[in-house]
Amino acid sequence: MIDVSIVIPVYNEEESLPDLFGRLFPVVEALDRPAEVIFVNDGSSDGSLRMLLEEARRKDYVRVVDFNGNFGQHMAIMAGFSMARGDKIITLDADLQNPPEEIPRIVAEMDRGHDMVGTYRAMRKDPAITRKIPSKLVNWVTNRITGLNIRDYGCMLRGYDRRIVDLINMCKETTTFLPALGKRFAQNPVEIPVSHEERHKGTSKYGLYQLIRLNFDLMTGFSMVPLQAVTITGLLVSVGSLVFALYLLIRRLLVGSEAEGLFTLMAINFFLMGILLFGVGIAGEYVGRIYLEVRQRPRYLIRAVYPEDPKP
Ligand code: UDP
Ligand code: MG
């Protein structure tokens, strides 16, 4: 019987792994409970896999899932979830931005009966202009749109109890955002502050484009509000232009027709075209998601699991 499973996605983290091992394993051993650590190698092209396998050979509580390509952080955690045997499942990034030393606090909250323990970064150490301020804004907008009320979407150090992970395992969506999915199923969630460190080694695996994509997935995957916003905007613009047309009609009867204002008209037209394209894009996001789902391709491919199952 395993009590705590720790799931860690790894993508080209050879520089961070030695420090991670050095700090994580003592914490796991000090928990003094039956525990396992599941690393999911998300198609790393550096020496990460070799280093993970070495640890799996050395420690019987370490398991490694090796992906056949890069399927993204959330899919890697999903695969870890489907393997995890523990009652409490904790996710952690490999880059040590979330200190492994916080794990016992999450376990303690779960012992207290919370089925999902979220965290937020107190004193976040990331560049303000490129990360902190945009992420504050994104957290706020996302919470308004999805109604989820998660304080820090970017913090992946979280604990989920068995029931929530079982429910997540039943979800077969191809793009997802795990903390949001977990929060949807949680009955007694709590959020605690955790310390945050800079990324000491290696570089962030998320560029601006990936971050924008992730947020679109989050908003369209957990809410219909963007679609409804387009509808309502269309409605308001129609009402506005009707009022404007009536005004022009009356003006024409009273004052006569107007001839100036060609460029104003163009500006208004471009504005409306912008709204139109935006609306098409939003609708397209949902259609794209439907397309991804109906293809029913496997969400990720596992090349091997170590140590191999002892079952015949
Ligand atoms: N990661 C992954 N697959 C990816 C991108 C990232 O498994 O395609 C892992 C990465 O190794 C790390 C975690 O997800 O353990 C978070 O990535 P990162 O620190 O680069 O994201 P950031 O903290 O910059 O948002
Ligand atoms: Mg990071």
Side-chain angles (χ1 to χ4, degrees), residues 4-31 35 37-56 58-59 61-67 70-77 80 90-107 117-136 138-139 151-159 178-179 191-211 214:
V4 180
S5 296
I6 298 168
V7 174
I8 306 180
V10 177
Y11 179 50
N12 292 340
E13 300 281 7
E14 65 180 0
E15 286 135 312
S16 304
L17 286 180
D19 292 349
L20 176 68
F21 297 152
R23 287 172 59 183
L24 174 70
F25 294 145
V27 172
V28 173
E29 280 155 29
L31 277 178
V37 181
I38 302 175
F39 291 101
V40 184
N41 175 40
D42 188 16
S44 303
S45 51
D46 64 0
S48 298
L49 178 65
R50 189 181 40 76
M51 299 166 74
L52 295 175
L53 292 184
E54 237 162 68
E55 293 309 313
R58 223 173 277 156
K59 303 209 156 52
Y61 59 84
V62 173
R63 294 204 288 160
V64 177
V65 179
D66 185 25
F67 270 6
N70 178 241
F71 294 91
Q73 180 186 7
H74 292 266
M75 282 308 125
I77 298 174
I90 293 173
T91 59
L92 177 76
D93 282 352
D95 60 358
L96 288 167
Q97 287 196 272
N98 312 129
E101 290 78 17
E102 305 276 10
I103 289 175
R105 291 181 54 216
I106 295 189
V107 174
V117 182
T119 56
Y120 54 91
R121 293 166 280 193
M123 317 259 288
R124 183 172 169 189
K125 300 222 182 56
D126 266 330
I129 305 278
T130 56
R131 279 294 171 94
K132 272 207 288 210
I133 295 168
S135 116
K136 273 242 163 65
V138 165
N139 283 336
R151 184 151 166 183
D152 186 355
Y153 282 86
C155 202
M156 289 305 284
L157 174 61
R158 283 165 200 277
L178 283 169
E191 294 194 314
I192 57 171
V194 292
S195 57
H196 183 242
E197 294 172 24
E198 269 171 73
R199 204 185 223 285
H200 296 295
K201 311 263 173 64
T203 49
S204 170
K205 307 298 178 272
Y206 283 99
L208 186 64
Y209 174 74
Q210 275 94 341
L211 281 180
L214 198 66

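The model shown is predicted, which means the values in this text are computed figures rather than measured ones. By convention here, the first residue in the shown sequence is residue 1. Scope of the values below: all heavy atoms of this structure, side chains included, with no hydrogens, waters or symmetry mates.
Scored by the side-chain contact (heavy atoms from CB on, under 4.5 Å) test, Glu197 finds Arg23, Pro99, His200 as partners (sequence neighbours excluded). Residues forming a salt bridge (charged side-chain N to carboxylate O under 4.0 Å, His left out) with Arg199 (at least two apart in sequence, or on another chain): Glu13, Asp95. With sequence neighbours excluded, no residue forms a side-chain hydrogen bond (donor to acceptor under 3.5 Å, both in side chains) with Asn139. Under the side-chain hydrogen bond (donor to acceptor under 3.5 Å, both in side chains) criterion, Lys132 pairs with no residue, sequence neighbours left out. Partners of Leu214 by side-chain contact (heavy atoms from CB on, under 4.5 Å), not counting sequence neighbours, listed by chain and number: His74, Phe177, Tyr206. Every residue two or more places apart in sequence or in another chain was checked for a salt bridge (charged side-chain N to carboxylate O under 4.0 Å, His left out) with Asp93, and none qualifies. Residues passing the ring pair (Phe, Tyr, Trp, His ring centres under 6.0 Å) test with Tyr120: none are found, sequence neighbours excluded. For Glu55, the side-chain hydrogen bond (donor to acceptor under 3.5 Å, both in side chains) partners are Arg58, not counting sequence neighbours. In this structure, the side-chain hydrogen bond (donor to acceptor under 3.5 Å, both in side chains) partners of Glu29, at least two apart in sequence or on a different chain, are Tyr61. For Val107, the side-chain contact (heavy atoms from CB on, under 4.5 Å) partners at least two apart in sequence or on another chain are Val4, Leu31, Arg33, Lys88, Ile90, Ile103, Asp111.
Every pair passing salt bridge (Lys or Arg N to Asp or Glu O under 4.0 Å) that includes a residue from residues 42-53 is listed here, sequence neighbours excluded: Arg50-Glu54.
To the nearest 0.5 angstrom, Met156 atom CE is 9.0 Å from Asn98 atom CG. Between the CG atom of Asn41 and the CG atom of Leu49 there is a distance of 5.0 Å, given to the nearest 0.5 Å. One distance of note links CZ of Phe39 with CZ of Phe21; it measures 4.5 Å at 0.5 Å rounding. Rounded to the nearest 0.5 Å, atoms OG (Ser195) and CD (Glu101) are 8.0 Å apart. Note that CZ of Arg121 is 12.0 Å distant from CZ of Arg151, once rounded to the nearest 0.5 Å. Here CD1 of Ile106 is found 3.5 Å from CG of Leu157. Values are rounded to the nearest 0.5 Å.
Nearest heavy-atom pair across Ser45 and Asn12 is N-OD1, 2.6 Å. Taking all atoms of both residues into account, the shortest heavy-atom contact from Ala56 to Val64 is CB-CG2, 3.9 Å. Residues Gly80 and Ile38 come closest through the heavy atom pair O-CD1, 3.9 Å. Closest approach of Ala35 and Val28 over heavy atoms only: CB-CG1, 3.9 Å. Between Pro9 and Val7, the shortest heavy-atom distance links the atoms CD-O, 4.0 Å. Of all non-hydrogen atoms in Glu15 and Pro18, the two that sit nearest each other are O-CD, 3.7 Å.
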* **Leu52/Val62 under side-chain contact (heavy atoms from CB on, under 4.5 Å): CA gap, chis, key distance, verdict** => CA-CA 9 Å; Leu52 295 175; Val62 173; over 6 Å; no
* Please walk me through it: do Val138 and Leu211 pass side-chain contact (heavy atoms from CB on, under 4.5 Å)? -> CA-CA 10 Å; Val138 165; Leu211 281 180; over 6 Å; no
* Give the C-alpha distance, both sets of side-chain angles, the deciding distance and a yes or no for side-chain contact (heavy atoms from CB on, under 4.5 Å) between Val10 and Leu20. => CA-CA 11 Å; Val10 177; Leu20 176 68; 5.7 Å; no
